[in-house]
*Asks:* 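Attaching a single structure in structure tokens format; questions to follow.
Throughout, numbering of the chain's residues begins at 1 and tracks the sequence.
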Amino acid sequence: MDHARTTISKIFNGEPRAYTRFNLTQNMEGDNSHVEMKLSSDMDDEVEANGVGENINQHNHPYYPSKLNQRSSKTVCGFVIGILFLFIIGNYIPICWYIFKLIMWPSGIVYTDWSNIAPVRAEAVYSLDWSDLRALLKKKLTTPNINTNLKEFSSASHQAGSTEDEALANKIMGKFKTFGMSTWTDEHYVKVHEPGSSNNRVLFRGNIVGTTEGYLAYSAVKTVQGAALYAHYGRTEDFRRLQELNIDVNGKAVLVRAGLLSFSEKVANAASLNASAVLIYPDPVNYNIKDDTALFGHVHLGTGDPFTPGFPSFNHTQFPPAQSSGLPSIPAQTITIKQATEIMSKLGGRTSPDGWSDGMLRDTMYRLGDDGDIITVEVNNVLIQKKIHNVFGVIKGYMDADRYMVIGAQRDAWGPGFARSTVGTSLLVELARTITDMIKNDGFKPKRSIVFASWSAGEFGSVGATEWLEGYLTSLSLKMFSYISLDEVISGFDSFKATASPLLYELLESTMKQVIMEPMGLSHSAYPFQTFSGIPSISFRFTSASIQSTKSYPFGTIEDTDQNLERYTSYNTLKLAKTAGEVVGLVTLRLVHDHLLKLNMAKYTSVIRNYVSQIRSKVESLQKGYREFTFCIFLSKSAQGSYDRAASTLVSAIRNSDLEDMEQCRVINNRIMRVEGSLLSPYASLRESLFRHILLGSGPHTLAALVDHLEAIKGGLESADIDQFKNQFALATWTIQGCANALAGEVWDMDNEI
């Protein structure tokens, strides 16, 4: 009756009716569907925000009063009759229903009394505010759970493609399923190196030097000889110093320390100067390991399977024979401290430059070697094919489910790999558990999806991750907006270092104070995501910066154990692991919670401006005969200006936008997502230059390479090629202009003044 009276009252008083719009979205865990409810007032706001309401009032049609408002005697009479009818219905239907029940359900029969059941109310979709999310994450991500994972996923051996590696993959898959996540796997058949039946050997002056147990995958398989030459860390500046001393590297067997840059870069530097072989050893000044501990690694100057460059290693995929340009043409081998000491202590020749003799030969100057110090390097590695699996679980977003970020961790290791892979895998699983728990029990509704990935064959150069990127490159560049790596996140305790896309600087710095930013390089597992796929990426680590803790953590050795990690972290491994998990969790929640993606495209303005400044300085320093290069200044500044204007315009558009309008936010996010991918050179061959990012990648197409090329032209070096420089410069400049166009949005908003 109250309902009837309310209805009649509304008819007489002319109150507007309230319309309800329902948006039914199935819950990802298969639980009850949730319902989003908006009243007409919300809809009216949306209409007015789009300018529709204003247009309605501007119609010039004549106005006719409603006949209902005239209320004639006949109309009033009709209403009275209607009221009486409703009154009768309201009072007599319950009596009729009671009689009907007595007839149909005799005494003693249990029936359902529908009149006592409360009406079902639609539950509105909501998302927790940021302060709630932060508190929940810190509460639910716990050290006991992390510790349990560390124990469960630790293993003495889990090399890529082994039964132990597959067992770990199944464990992770089972965890994801337990959390209610959708799961799948990605299978690849990749080629990797393993030691052959005949051990690799190193001979000095005709005598075998110790036992060679370690090896470097993808080294050239051959036996060579050459006079020994000590080259410090094997950096470009180290070889330049030797050239300044008029020491020829051609044909020499080069000895270099491990550290400061990747094994592959050391070998590439030596090979570019026609060295015959490279031996890499862990100097005690850098490593606190046993004298006979072997080093493992790879020397492919790239990532992924080097025998399927640019395309995935799917089973039965038929491609013409190919190999990466990053494979070395010379043999490379690791040796122990003991082996290196035996060789270095007997070297002749001139003394090494200042600062090169602070290692294992105490109170003795290192010698560079002479022509009689002949070294023989014999590499017998065997190339085999292995089946590997990547494992995935996804938490689907509630609004933009087709937009996703990925959190990934390497699963395999040559030895125990506790810091290399076990810590990252444990955090991956704990973060998945924590976020799914927040969704199930606390009402968290991520707007975008989160993919959790466990990669295999990471020890061979992010092989599993790169093959996945190559397999789905086109769709990933359109849908994936960020990648966070969990590899090697803990190796010390008093310093936090990170490498990331400039788009993510602001978000990372707001999450973790006192961040030391460092350049992203080939040794970072996020590198292929950033420079090959054009996906904004983050890689970070807790390390040691104190004077007494400057020793490098023994990655790639059998000493990468839980006990050693505790020692390197001052017995704070669990505490640091929780902090690392919170950093990843907070960055992740920010990226999937806010209406707009927390990617600051204005940060690339300073990066581009820095390169333009370097180019201008180099051009102005050239001799008068090269004044034709002044066009470089004009073109680079024009491209920089286009990007600046496009970024500023988008920032202004964001400030003037209704950020509660989800469709408008999606349009803006699409423009932001285009930035990183648009900085990949479309003119670089994937086979020759896998890392096509012109600002952060590697190869002749990058702005860094163009700056070096100008220096070579200035110095009159043989490597200088003016026509090639002009061509590469034009293509790089247009790549920046293309990025500005993508950022501008629609075709009619583009700035092509260049």
Side-chain angles (χ1 to χ4, degrees), residues 200 202-205 209 216 218-283 286 295 297 299-301 325-335 339-340 343-359 361 365-379 522 698 700 705 708-709 711-712 715-721:
N200 298 343
V202 175
L203 290 77
F204 180 64
R205 296 176 182 173
V209 181
L216 293 170
Y218 304 126
S219 161
V221 179
K222 60 175 68 173
T223 301
V224 299
Q225 285 186 341
L229 175 62
Y230 170 55
H232 207 206
Y233 287 100
R235 299 168 296 180
T236 301
E237 54 265 40
D238 295 330
F239 285 111
R240 187 182 300 120
R241 183 76 179 106
L242 291 174
Q243 290 175 321
E244 291 171 355
L245 296 173
N246 295 318
I247 296 176
D248 190 8
V249 182
N250 184 37
K252 300 292 177 62
V254 178
L255 290 102
V256 297
R257 298 180 182 183
L260 298 187
L261 72 164
S262 67
F263 293 164
S264 57
E265 290 169 300
K266 296 174 188 289
V267 174
N269 289 338
S272 68
L273 297 173
N274 298 316
S276 62
V278 176
L279 294 178
I280 302 175
Y281 71 94
D283 199 293
N286 304 110
L295 285 179
V299 289
H300 173 215
L301 192 65
S325 60
L327 285 174
S329 58
I330 62 175
Q333 177 63 44
T334 57
I335 56 176
Q339 289 174 294
I343 296 173
M344 298 285 290
S345 62
K346 298 176 183 178
L347 288 182
R350 61 196 302 176
T351 57
S352 61
D354 292 342
W356 288 26
S357 301
D358 55 353
L361 302 181
M365 292 293 291
Y366 283 24
R367 297 279 176 174
L368 296 180
D370 61 23
D371 293 340
D373 296 327
I374 302 299
I375 292 178
T376 302
V377 179
E378 180 182 332
V379 175
L522 193 59
S698 61
D708 291 341
H709 205 152
E711 186 66 27
L717 302 180
E718 292 183 4
S719 59
D721 186 325

*Asks:* Side-chain contact, heavy-atom cut-off 4.5 Å: S698 with L522?
*Replies:*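 No. Closest side-chain heavy atoms not under 4.5 Å.
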*Asks:* Closer than 3.5 angstrom, by distance alone: can the side chain of N269 be matched with the main-chain N or O of G234 as a donor-acceptor pair?
*Replies:*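 Flag set: sc N269 to bb G234 pair under 3.5 Å.
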*Asks:* For S219 and P328, which heavy atoms make the closest approach, and how far apart are they?
*Replies:*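 Shortest heavy-atom contact: CA-CG, 4.3 Å.
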*Asks:* Taking salt bridge (Lys or Arg N to Asp or Glu O under 4.0 Å) as the test, write out the residues that go with E265, two or more places apart.
*Replies:*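 Here no residue qualifies.
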*Asks:* Search all heavy atoms of L327 against all heavy atoms of Y218 and return the closest pair with its distance.
*Replies:*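 The pair with the smallest heavy-atom distance is CD2-CB, 3.7 Å.
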*Asks:* Ignoring hydrogens and geometry, is there a side-chain-to-backbone donor-acceptor pair from H709 to D721 under 3.5 Å?
*Replies:*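 Yes; at least one donor-acceptor contact below 3.5 Å.
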*Asks:* Restricting to ring-ring contact (aromatic ring centres under 6.0 Å, His included), what partner residues turn up for Y230, sequence neighbours left out?
*Replies:*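 Listed in chain order: W356, Y366.
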*Asks:* To the closest 0.5 Å, what do you measure between CZ (R235) and CZ (R240)?
*Replies:*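 Going from the CZ atom of R235 to the CZ atom of R240 covers 10.5 Å.
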*Asks:* I'd like to know if the side chain of D373 and the backbone of L347 have a donor-acceptor N/O pair within less than 3.5 Å.
*Replies:*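 No; judged by distance alone, with no hydrogens or angles, the pair does not exist.
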*Asks:* Under 3.5 Å, side chain of K266 to main-chain N/O of R257, donor-acceptor pair present?
*Replies:*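 Checking the backbone N and O of R257 against the side chain of K266, a donor-acceptor pair under 3.5 Å is found.
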*Asks:* Can you tell me if D354 has over 12 outside heavy atoms packed within less than 6.0 Å of its CG?
*Replies:*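 No - once you tally the heavy atoms of other residues, nucleotides and ligands closer than 6.0 Å, there are 12 at most.
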*Asks:* Among V256, I375, L255, I247, which residue satisfies the side-chain contact (heavy atoms from CB on, under 4.5 Å) criterion with L229?
*Replies:*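 The passing option is I247.
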*Asks:* May I ask you to test the L216-V278 pair for a side-chain heavy-atom distance under 4.5 Å?
*Replies:*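 Result no, sub-4.5 Å side-chain heavy-atom pair not found.
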*Asks:* With no hydrogens and no angle check, is any side-chain donor or acceptor of T223 less than 3.5 Å from a backbone partner on E378?
*Replies:*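 Side chain of T223 to backbone of E378, a donor-acceptor pair under 3.5 Å: no, none is there.
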*Asks:* List the atom of Y233, the atom of A258, and the distance in Å for their closest heavy-atom pair.
*Replies:*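 The answer is CE2-O, 3.7 Å.
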*Asks:* When rounded to the nearest 0.5 angstrom, what is the spacing between CD1 in I280 and CD in Q333?
*Replies:*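 So the gap between those two atoms works out to 9.5 Å.
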*Asks:* Let me confirm one number: the CZ-CE distance from R350 to M365, rounded to the nearest 0.5 Å.
*Replies:*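 If we round to the nearest 0.5 Å, R350:CZ and M365:CE are 11.5 Å apart.
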*Asks:* Considering non-hydrogen atoms only, spot the tightest contact between V299 and A332 and give its length.
*Replies:*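 What the structure gives for the nearest pair is CG1-CB, 4.2 Å.
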*Asks:* Between CD1 of I343 and CD1 of I335, what distance do you get to the nearest 0.5 Å?
*Replies:*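 So the gap between those two atoms works out to 4.5 Å.
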*Asks:* Is any side-chain heavy atom of R367 less than 4.5 Å from a side-chain heavy atom of T351?
*Replies:*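 Side chain of R367 against side chain of T351, heavy atoms only: contact under 4.5 Å found.
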*Asks:* So F204 and L279, do their side chains get closer than 4.5 Å, heavy atoms only?
*Replies:*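 Of all side-chain heavy-atom pairs linking F204 with L279, none is under 4.5 Å.
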*Asks:* How about V254 and V249: do any of their side-chain heavy atoms sit closer than 4.5 Å?
*Replies:*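 Answer yes - side chains close enough.
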*Asks:* Rounded at 0.5 Å granularity, tell me how far NE2 in H232 sits from CG in D283.
*Replies:*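 The NE2 atom of H232 sits 8.0 Å away from the CG atom of D283.
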*Asks:* Can you measure from CG (L273) to NZ (K252) and round to the nearest 0.5 angstrom?
*Replies:*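 Here the rounded value is 11.5 Å.
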*Asks:* Nearest heavy-atom pair of P331 and S276: which atoms, and what distance?
*Replies:*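 Between these two residues, the closest heavy atoms are CD-O, 3.4 Å.
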*Asks:* Using modelled atom types only, decide if a donor and an acceptor are shared between the side chain of T334 and the backbone of L295 within a distance under 3.5 Å.
*Replies:*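 Side chain of T334 to backbone of L295: a pair is present.
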